[in-house]
Amino acid sequence: MVIQKNGIPCSCGQEGCFERYASMKALKNNLREALNLDETTRGQELFEMIRKNTPENKNYEIIEKVVSEYIENLSIGIINLINILDPQMVGIGGSFVYFREVLLERLQKRIKQTKDPKVNNIIIETAILGNDAGIIGAVL
Ligand SMILES: [Zn+2]
């Protein structure tokens with residue numbers, strides 16, 4: 001699903017795909033790049049940087065900008081999916097679950113800001129199976 005016209009090239013051949021902007025890989029890569037960190041900086045460290053980010057932090061604005069853009073892009077894709085599928089609830093799995101504490105409330109608030117009650121009344125939560133949903137599905 002394209003969410004950005006003339007956006008970042010995607011492995012599927014299109015440009016501006018949802019996953020290029022809203023995957024956890026995208027968030028982690030964007031944070032590493034913005035903070036000049038190398039690829040060995042682990043997700044747990046990045047999570048802590050977001051969790052401990054306060055205005056006193058010298059990288060506060062950089063981290064805040066990356067996270068805000070991520071939430072905005074994730075919201076665009078989720079709102080599109082809500083409009084297409086008309087669900088009662090959205091459950092987000094994958095490694096987003098590990099970042100629940102720093103991302104979920106922001107995402108919920110952003111989606112609540114839409115004027116459309118069909119969208120802003122939807123329950124947004126993390127998936128119960130968390131990051132194991134994919135592997136459990138593959139085994140079943
Ligand atoms: Zn794509």
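In each ligand, atom 1 is the first atom listed, and ligand 1 is the first ligand listed. Heads up: numbering here begins at 1 and tracks the sequence.
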Exercise. What's within reach of the Zn ion (ligand 1), meaning protein N/O/S atoms under 2.8 Å?
Worked result: C10 SG, C12 SG, C17 SG
Exercise. Just wondering, more than 12 heavy atoms not from E15 lying within 6.0 Å of its CD?
Worked result: yes
Seminar exercise, completed: Apart from I123 itself, its cluster of hydrophobic side chains linked below 4.5 Å comprises M89
Problem set entry | Residues forming a salt bridge (Lys or Arg N to Asp or Glu O under 4.0 Å) with K52, sequence neighbours excluded | E48
For this session: Give, for atom CG of L27 and atom CG of L46, the distance between the pair rounded to the nearest 0.5 Å.
Result: 7.5 Å
Seminar exercise, completed: Sequence neighbours excluded, the answer for salt bridge (Lys or Arg N to Asp or Glu O under 4.0 Å) partners of K65 is E69
Exercise. Is the shortest side-chain N to carboxylate O distance from R110 to E72 below 4.0 Å?
Worked result: yes
